[in-house]
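Below: one structure, written as C-alpha cells.
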Amino acid sequence: MADLQAPRGMHDLLPEDEALWRFVRDTCERVAGLFDYRMISTPMVEDASVFLRTVGDESDIVSKEMYVFEDRGKERLALRPEGTAGVCRAYIEHGMGSWPQPVRLYYFGPMFRYDRPQAGRYRQLTQFGVECIGDASAAADVEVIELQRTVYEELGLNDITLRINSIGTAATRRRYLDALTEHLLPHVPTLSHDSQRRFETNVLRVLDSKEDAGHPAVQGAPSILDFLDEGDATHFAEVRGLLDRLGVAYEVDPRIVRGLDYYARTVWEFEPADGGGQSTVGAGGRYDGLIELLGGPHTPGVGFATGIERIVLNLREQSAPTAAASPDLFIAPLGEAGPAAAMRLAREVRSGGLAVRLGMPGRGLRAQFRSAETAGARFIAIVGDTEAERGTAQVKALGLDGAEQQEVVMQDVALVVMPR
RNA sequence: GUGGGCGUCGCCUAGCGGUUAAGGCGCCAGGUUGUGGCCCUGGAGACCGAGGGUUCAAAUCCCUCCGCCCACCCCA
C-alpha cells in the first residue's frame, strides 16, 4: 500500500472512467442548453459567511460538514458544500438583477462535505445544478423539474421516482414543528429507541422511521400541507396542475424536508427504484429568501442539484461499460533517424485531426506491433532510417489478416489513415 | 461521531504456525539482425497495512494503531 493516498472520501477519476463521465457531463450540459440555461462557474472557495448565512448554521452541512479555514490574510474561507449560495452571491455581485428576468444558469463542479464516506457519499462530490432566478411563478418550478427529469431521461436512468412537497415559509415550518412535537410528545415512550432519539434531534425524521411506519401516532401525525398559508397552497396547487398537464408522474410526499434552511415552498427529490440509504440522485427546491440573506434585494429563485457520482453509480449498474478511446495511427520509430522523422510525421497526421500514438524509440519492431495492437490503433506507420531518408513511411492496416503494407510519402499518410 | 467487515506484487486471488510467500491478469524481453493479434519461453515486480508481543519458529496467534469498505446519522 502506498504511503500517500488521495484524501479520505476523495477519489481519482481514471482514464477508464472518462467515457462515462464525459457522457454524463455532456448530457447535462446539452439538456441545460435545450432549456436555454447558460453556464456559470463560481469559485470552489467562498467567504465562509456565504454558506453560514444561507444554508443555516443549525444544519448538519454547516455545523459539522463544512471545510472551513483561514487563509494567510486571515480571511475565513470555506470549501463550497453546495452550489446555490455561490451562484446567488455572483447574481448579486454582477448585478444580474438588472438582466432580463429570470436569469437561467447551470453549473457543474466539485462540492466538499466533511462526512463519513460510504457508498454513494463522498467528501468531494460533483454536482450538476441549475438555478432559475427572478421568477416566482409555479411555471419556473415546473420548468426546472422538467429540465431535471429530461436529464435523467436522456441519460437513460430508468425507474426514477419524483416526490414533491411544499414546506411553505420558515414561519409555516415553525408552526408545523410545534404542532408535530405536541402531537408526538405523549407517544414518545411507545416509539422505537431510534425514533426517541430523532424526536430530540430532528422531529421530522420520526416520520421517516421504518420501524414506526405503522405506529398510530406516526400515521396520524399532522401534515405540513395543512399548515400552508393561502399563497403557498395556491402555488403548490399550480405546480401540481402544471405537472399533471405535462404528464410528469410524481407523488406528493409530505415528509420531504430538504436539509438546507433556505428552501421555501416547493421541494422535491428524484429517487431510483432500488432505493438504498444513499439513493437520492438529485433534489431541488424554491429559495425565495436566499438572495436577501446574502444582502441582495428580495428575489425569488428555484433550482436543483444532482450528484454525478450517484448517477454514474446507477448507470454502471444498468449498462455495460463504454469502449475506451483508441488512436487512429500508431507510429513505430526505428533506427537512428526514426524518432525525429516519426515526430514530424505525427505532427503532420495530427494536423489532419487524427489521433496519433508514438511508439517508444529503442524497442524492436515486434514490440512496436504489439503495442500498436494493445493500443487499438487502426493503422501502424513504420519510420526507420530508410523511410526517414526518403520522406516516407511504411503504412499498414491493423486488425485484419493479410493487410497490405505500402510505402507512403509522409504528406499522404493522413489521407491513407483517414476513415472513410 | 457510533457500530460491523476487510487489509498478501499495479489488479484479482492462494497460503491460515516451519514454503526460496504460489498462481492468473497486466507489464517487459526473447521465440526472424525491420512486421502484429494466438501460442511458447523467460524476466521484473510483495520488507504479506504499520508497530509491539507470544513462540525455537509468525503472512499465519494476541494487542494497539492506521487505512479502505459497509451501515447508522445526514445528504447529492
Side-chain angles (χ1 to χ4, degrees), chain A residues 1-11 14 16 55 58-65 81-84 108-129 148 193-194 197-198 200-202 204-205 208-211 256-260 268-272 276-285 304-314 330 332-335 338 359-360 362-387 393-405:
Chain A
M1 199 60 67
D3 59 337
L4 247 28
Q5 301 178 54
R8 155 170 270 205
M10 307 193 182
H11 299 282
L14 301 180
E16 66 198 51
V55 175
E58 299 286 297
S59 73
D60 275 29
I61 289 185
V62 164
S63 64
K64 54 183 201 192
E65 294 173 7
E82 59 100 30
T84 303
F108 189 105
M111 307 294 160
F112 302 85
R113 294 183 195 173
Y114 191 83
D115 266 18
R116 191 82 184 261
Q118 69 185 73
R121 197 173 77 190
Y122 311 99
R123 286 186 173 178
Q124 179 179 327
L125 55 128
T126 312
Q127 287 190 335
F128 164 69
Q148 189 176 6
H193 182 77
D194 190 46
R197 199 201 68 246
R198 292 180 185 193
E200 296 301 330
T201 56
N202 188 351
L204 289 165
R205 289 282 153 195
D208 260 344
S209 168
K210 281 170 192 122
E211 274 180 88
I256 295 180
V257 195
R258 310 269 58 255
L260 317 179
W268 67 86
E269 294 181 354
F270 278 88
E271 192 156 355
Q278 254 56 53
S279 59
T280 302
V281 77
F304 76 81
T306 189
I308 303 304
E309 285 82 1
R310 287 187 184 178
I311 288 175
V312 167
L313 229 46
N314 279 282
F330 184 100
L334 295 175
M360 247 195 204
R363 280 189 169 179
L365 222 216
R366 176 197 198 72
Q368 302 281 5
F369 264 87
R370 283 180 174 162
S371 299
E373 284 292 345
T374 15
R378 294 169 35 245
F379 282 87
I380 187 170
I382 303 158
V383 181
D385 291 323
T386 326
E387 290 80 12
Q394 299 288 337
V395 180
K396 190 177 186 182
L398 293 168
L400 6 134
D401 281 309
E404 294 229 352
Q405 179 168 316

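A note on names: the letters A, B, ... follow the listed sequences, proteins ahead of strands, and every chain is numbered from 1.
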What N/O pairs connect the protein and nucleotides 38-45 of chain B at under 3.5 Å? Give each pair on its own line.
| from | atom 1 | to | atom 2 | distance (Å) |
| --- | --- | --- | --- | --- |
| B/rC39 | N4 | A/Arg370 | NH2 | 3.4 |

Nucleotide N/O to protein N/O under 3.5 Å, stretch nucleotides 2-6 of chain B:
| from | atom 1 | to | atom 2 | distance (Å) |
| --- | --- | --- | --- | --- |
| B/rU2 | O4 | A/Arg116 | NH1 | 2.4 |

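Between B/rG43 and B/rG49, the distance separating the two P atoms is 26 Å to the nearest Å. Rounded to whole Å, the separation between the P atoms of B/rG45 and B/rC9 comes to 15 Å. Across the P atoms, B/rU33 and B/rC47 are found 38 Å apart, a figure rounded to whole Å. Spacing between B/rC68 and B/rC74 at atom P, rounded to whole Å, works out to 24 Å. Taking atom C1' on both B/rU19 and B/rA14, the two are 13 Å apart, rounded to the nearest angstrom. Taking atom C1' on both B/rC25 and B/rG31, the two are 22 Å apart, rounded to the nearest angstrom. B/rG15 and B/rA59 have their C1' atoms separated by 8 Å, with the value rounded to a whole Å. Comparing B/rG4 with B/rG42, their P atoms are spaced 48 Å from each other, to the whole Å.
Taking for each of A/Pro7 and A/Ala305 the nucleotide of RNA chain B with the nearest heavy atom, the 5'-most of the two is the partner of A/Pro7. Nearer to the 5' terminus of RNA chain B, by closest-nucleotide assignment, is the contact made by A/Tyr114 (compared with the other of A/Gly364 and A/Tyr114).
The side chain of A/Phe369 sits closest to B/rU35 out of B/rC68, B/rU35, B/rC74.
Put simply, CD on A/Glu16 is 12 Å from P on B/rC11, counting in whole angstrom units. Summarising the geometry, the separation between CZ on A/Phe112 and C1' on B/rA76 is reported as 14 Å, rounded to the nearest angstrom. When rounded to the nearest whole Å, the span between CE of A/Met10 and P of B/rC68 equals 11 Å. We find that NZ of A/Lys396 is positioned 7 Å from P of B/rG36, with the value rounded to whole Å. Here the C1' atom of nucleotide B/rA76 and the CD1 atom of A/Ile256 are 14 Å apart, to the nearest Å. Rounded to whole angstrom, the span from the CG atom of A/Leu398 across to the P atom of B/rG36 amounts to 11 Å. B/rC11 atom P lies 11 Å from atom CG of A/Leu14, rounded to whole Å. Atom-to-atom, CG of A/Leu365 to P of B/rU32 comes out at 14 Å; the value is rounded to the nearest Å.
What you find for A/Gln127 and A/Ala305 is that their closest heavy atoms are OE1-CB, 3.6 Å. Annotation for A/Ile380 and A/Ala372: closest pair CD1-CB, 4.0 Å, computed over non-hydrogen atoms. Summarising the geometry of A/Glu269 relative to A/Ala283, their closest heavy-atom pair is CG-CB, 4.0 Å, with the distance given to 0.1 Å. Residues A/Asp385 and A/Gly335 come closest through the heavy atom pair OD2-CA, 3.7 Å. Heavy-atom minimum distance, A/Leu313 versus A/Gly120: CD2-CA, 3.8 Å. Nearest heavy-atom pair across A/Phe330 and A/Gly359 is CZ-CA, 3.5 Å.
For the atom pair OG1 of A/Thr280 and CH2 of A/Trp268, the computed distance is 14.0 Å after rounding to the nearest 0.5 Å. Between A/Phe128 atom CZ and A/Gln148 atom CD the span is 9.0 Å, to the nearest 0.5 Å. Put simply, CD1 on A/Ile382 and CG on A/Leu334 are 7.0 Å apart, with the number rounded to the nearest 0.5 Å. Between A/Gln124 atom CD and A/Glu309 atom CD the span is 8.0 Å, to the nearest 0.5 Å.
Checked by distance alone, A/Gln368 brings no side-chain donor or acceptor within 3.5 Å of a matching partner on the base of B/rU35. A donor N or O paired with an acceptor N or O is not found under 3.5 Å between the base of B/rA29 and the side-chain atoms of A/Arg363. Not a single donor-acceptor pair, N or O on each side, falls under 3.5 Å between the base of B/rG36 and the side chain of A/Gln405.
Using bins of under 30°, 30° to 60° and over 60° for the plane-to-plane angle, the ring pair A/His11/A/Tyr122 lands in the perpendicular bin.
Atom CE of A/Met10 has more than 12 neighbouring heavy atoms from other residues, nucleotides or ligands inside a 6.0 Å radius.
Contacts between residues 371-385 of chain A and RNA chain B, defined by a heavy-atom separation under 4.0 Å, are made by A/Glu373, A/Thr374, A/Ile382.
Counting non-hydrogen atoms under 4.0 angstrom, A/Ala367 reaches the backbone sugars and phosphates but no base. At the heavy-atom level, A/Glu387 lies under 4.0 Å from base atoms of the strands shown.
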Pairing string, 5' to 3', for RNA chain B - Watson-Crick or wobble contacts under 3.5 Å, brackets [ ] where pairs cross, | to another strand = ((((((((.[[[[.)..(...]]]].(((((.......))))).....[[[[[..)....]]]]])))))))....
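A sub-4.0 Å separation between OP1 or OP2 of B/rC69 and a side-chain N or O of A/Gln118 is absent.
Among residues two or more places apart in sequence or in another chain, the side chain to side chain donor-acceptor pair (under 3.5 Å) test is passed with A/Arg363 by A/Ser371. For A/Arg8, the side-chain contact (heavy atoms from CB on, under 4.5 Å) partners are A/Arg116, A/Pro117, A/Arg123, not counting sequence neighbours.
Looking only at distances, a side-chain donor or acceptor of A/Gln368 sits under 3.5 Å from a matching main-chain atom of A/Met360.
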